[in-house]
Q: 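Got a structure for you, questions after.
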Amino acid sequence: LLVAGRDSTREMAHLVYALPGRSLHPIAATAGEVYPVRVRVAVIGADGGAVARIDSTSLFLSHRVLGDGDWLVGRVAMPLPPGRYRYRVALQNGDADGLTTTIDTISVPRPGAFGVSDIVLGARTAHLYWPDAATGDTIFFNPVGALHPDVPLEVYYQVFGLAAGEHFRTQFRVQKPGGGGIFRGFFHLFGNGAPVSVGFDEAASGPVAEIHRSISIERLTPGTYQFELVITRADGTVLRRRAPFQVLAPQPPARPASP
């Protein structure tokens, strides 16, 4: 469950999921194979009462039976007021037993307080996104958590509690668990196409600064990495967020078509 983006008044929490195709059971239909997925989310406040609930069923249509290497991806969202909550998620395909997660926690920043949202590490090739009507930007998701090195990593986050024009320091750090930094100080941000340092200064656009950057990962070898976002305020206050992602082996070039 990721806190990212907002509607006209509140922050949005997104549940994004990826279900392996080989584990799913379709229903045969005239147009193809139908995969029903029921999603239930319960968000509980400190007093034990329900803050928000979702219980919805989506029908996914495929022109073939999903198998090894296929993923069924989806997203549901709900607005949440500021606070710290517990939540639990249940996913079910048809009449199968389904999966229920353990209880986890989620935090929604309070207006005016210095804070950072969750990091969303997305990919345009995942075909799962949410248009943020409040800013006109698009948040890209990637619930599989893996992408090929020729696919840019779409990074989205929000910084809260800064005055418009107030400067802060941003650092991106990418490393393998237990290893050192991978980029050695440089990588490409596709915003201007030029190499930039890992650390850079930014100015807040307002009390909620929404930031989206596309990052090239072409220099990374296949493996699992940890992406760390470090935000430093002018007074020295530091906030950190981390999220994992996986780089797959490069895709082989397409063979030329036979004449």
Side-chain angles (χ1 to χ4, degrees), residues 1-16 41 43-47 49-52 54 75-87 89 104-122 128-143 153-174 189 191 196-215 226-245:
L1 199 59
L2 297 169
V3 175
R6 54 198 170 97
D7 63 9
S8 58
T9 59
R10 291 180 291 179
E11 295 299 310
M12 296 295 292
H14 304 262
L15 172 69
V16 293
V41 183
V43 181
I44 308 301
D47 61 356
V51 176
I54 289 179
R75 180 191 66 86
V76 295
M78 69 185 87
L80 289 177
R84 185 172 178 83
Y85 309 107
R86 295 173 297 146
Y87 73 91
V89 175
D104 206 342
T105 59
I106 184 173
S107 294
V108 180
R110 298 185 181 280
F114 182 47
V116 179
S117 71
D118 293 320
I119 311 172
V120 179
L121 301 182
L128 194 65
Y129 58 88
W130 181 68
D132 188 344
T135 63
D137 200 358
T138 299
I139 303 175
F140 295 93
F141 299 96
N142 182 17
L153 186 66
E154 305 292 341
V155 180
Y156 176 90
Y157 56 96
Q158 297 165 286
V159 181
F160 301 89
L162 299 179
E166 183 176 349
H167 289 268
F168 60 97
R169 181 76 174 170
T170 298
Q171 286 182 294
F172 291 159
R173 296 176 180 172
V174 176
L189 291 183
V196 297
S197 171
V198 168
F200 48 94
D201 294 318
E202 299 187 85
S205 57
V208 182
E210 308 201 30
I211 301 168
H212 173 202
R213 296 185 182 274
S214 298
I215 299 176
Q226 189 82 354
F227 186 99
E228 182 180 40
L229 168 69
V230 183
I231 301 294
T232 305
R233 199 173 187 175
D235 63 4
T237 305
V238 178
L239 297 174
R240 303 173 188 270
R241 295 291 183 270
R242 298 180 180 90
F245 71 98

Q: Under the side chain to side chain contact (heavy atoms under 4.5 Å, CB included) test, which residues partner Tyr129, sequence neighbours left out?
A: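 Residues passing side chain to side chain contact (heavy atoms under 4.5 Å, CB included) with Tyr129: Pro131, Thr138, Phe140.
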Q: Could I get the full list of side chain to side chain donor-acceptor pair (under 3.5 Å) partners for Ser107, not counting sequence neighbours?
A: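 Expected list: Arg84.
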Q: Which heavy atom in Ser214 sits nearest to a heavy atom in Glu154, and how many Å separate them?
A: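 Looking at all heavy atoms of both residues, the shortest contact is OG-OE1, 2.5 Å.
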Q: Tell me, please, which residues at least two apart from Asp7 pass side chain to side chain donor-acceptor pair (under 3.5 Å).
A: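 So Asp7 forms no side chain to side chain donor-acceptor pair (under 3.5 Å) with any residue.
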Q: Please list, chain by chain and in numerical order, all residues satisfying side chain to side chain contact (heavy atoms under 4.5 Å, CB included) with Leu239, sequence neighbours excluded.
A: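 Applying side chain to side chain contact (heavy atoms under 4.5 Å, CB included) to Leu239 gives Phe114, Val116.
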Q: Between atom CE of Met78 and atom CG of Leu15, what is the distance when rounded to the nearest 0.5 Å?
A: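 So the CE of Met78 and the CG of Leu15 are separated by 7.0 Å.
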Q: If the condition is ring-ring contact (aromatic ring centres under 6.0 Å, His included), which residues does Phe227 pass it with, not counting sequence neighbours?
A: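 Result, ring-ring contact (aromatic ring centres under 6.0 Å, His included) vs Phe227: Phe172.
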Q: Measuring from atom OH of Tyr85 to atom CD1 of Ile106, what distance do you get when rounded to the nearest 0.5 angstrom?
A: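 If we round to the nearest 0.5 Å, Tyr85:OH and Ile106:CD1 are 9.5 Å apart.
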Q: Look at the side chain of Gln158 and the backbone N and O of Gly5, then say whether any donor-acceptor pair between them is shorter than 3.5 Å.
A: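 Yes; at least one donor-acceptor contact below 3.5 Å.
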Q: Using the side chain to side chain contact (heavy atoms under 4.5 Å, CB included) rule, pick out the option among Ile211, Leu229, Val120, Ile215 that qualifies with Val155.
A: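 When Ile211, Leu229, Val120, Ile215 are each tested with Val155, the side chain to side chain contact (heavy atoms under 4.5 Å, CB included) holds only for Ile215.
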Q: Determine the minimum heavy-atom distance between Ile44 and Ala50, stating which atoms define it.
A: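 Ile44 and Ala50 have their closest heavy atoms at CD1-CA, 4.1 Å.
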Q: Give, for atom OH of Tyr87 and atom CD1 of Ile54, the distance between the pair rounded to the nearest 0.5 Å.
A: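 With rounding to 0.5 Å, OH (Tyr87) is 12.5 Å from CD1 (Ile54).
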Q: Which atom names give the shortest non-hydrogen contact between Gly45 and Val51, and what distance separates them?
A: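 The pair with the smallest heavy-atom distance is N-CG2, 3.5 Å.
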Q: Locate the shortest heavy-atom distance separating Val108 from Pro81; write the atom from each residue and the value.
A: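 In terms of heavy atoms, the two residues are closest at CB-O, 3.5 Å.
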Q: As an exercise, state the distance from CD of Glu11 to CG of Asp118, rounded to the nearest 0.5 Å.
A: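 Result: 10.5 Å between the selected atoms.
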Q: To the nearest 0.5 Å, what is the distance between CE (Met12) and CD1 (Ile139)?
A: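 Here the interatomic distance stands at 9.0 Å.
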Q: Would you please name every residue forming a salt bridge (charged side-chain N to carboxylate O under 4.0 Å, His left out) with Arg75, sequence neighbours left out?
A: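 With neighbours one apart ignored, the set is empty.
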Q: Would you mind reporting whether Val89 and Leu1 have side-chain heavy atoms less than 4.5 Å apart?
A: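 Not touching, per the 4.5 Å side-chain cut-off.
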Q: How close do Pro109 and Phe160 get, counting heavy atoms only, and between which atoms?
A: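 So the two residues come closest at CG-CE1, 3.4 Å.
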Q: What closest approach, in Å, do Arg233 and Gly161 show between heavy atoms, and which atom pair accounts for it?
A: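 That would be NH2-O, 3.4 Å.
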Q: Which side-chain N or O atoms in residues 199-210 pair as donor and acceptor under 3.5 Å with protein atoms at least two apart or in another chain?
A:
{"unit_1": "Asp201", "atom_1": "OD1", "unit_2": "Arg169", "atom_2": "NH1", "d": "3.4"}
{"unit_1": "Glu202", "atom_1": "OE1", "unit_2": "Arg213", "atom_2": "NH2", "d": "2.8"}
{"unit_1": "Glu202", "atom_1": "OE2", "unit_2": "Tyr157", "atom_2": "OH", "d": "3.4"}
{"unit_1": "Glu202", "atom_1": "OE2", "unit_2": "Thr170", "atom_2": "OG1", "d": "2.6"}
{"unit_1": "Glu210", "atom_1": "OE1", "unit_2": "Tyr156", "atom_2": "OH", "d": "2.3"}
{"unit_1": "Glu210", "atom_1": "OE2", "unit_2": "Arg6", "atom_2": "NE", "d": "2.7"}

Q: Which residues pass the salt bridge (charged side-chain N to carboxylate O under 4.0 Å, His left out) test with Arg240, not counting sequence neighbours?
A: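 For Arg240, the residues satisfying salt bridge (charged side-chain N to carboxylate O under 4.0 Å, His left out) (neighbours in sequence not counted) are Glu228.
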Q: Could you pull out all residues at least two apart from Pro244 that satisfy side chain to side chain contact (heavy atoms under 4.5 Å, CB included)?
A: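 Checked Pro244 against side chain to side chain contact (heavy atoms under 4.5 Å, CB included); matches are Gln226.
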Q: Could you list the residues that satisfy side chain to side chain contact (heavy atoms under 4.5 Å, CB included) with Asp47, not counting sequence neighbours?
A: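 By the side chain to side chain contact (heavy atoms under 4.5 Å, CB included) rule, Asp47 matches no residue at all.
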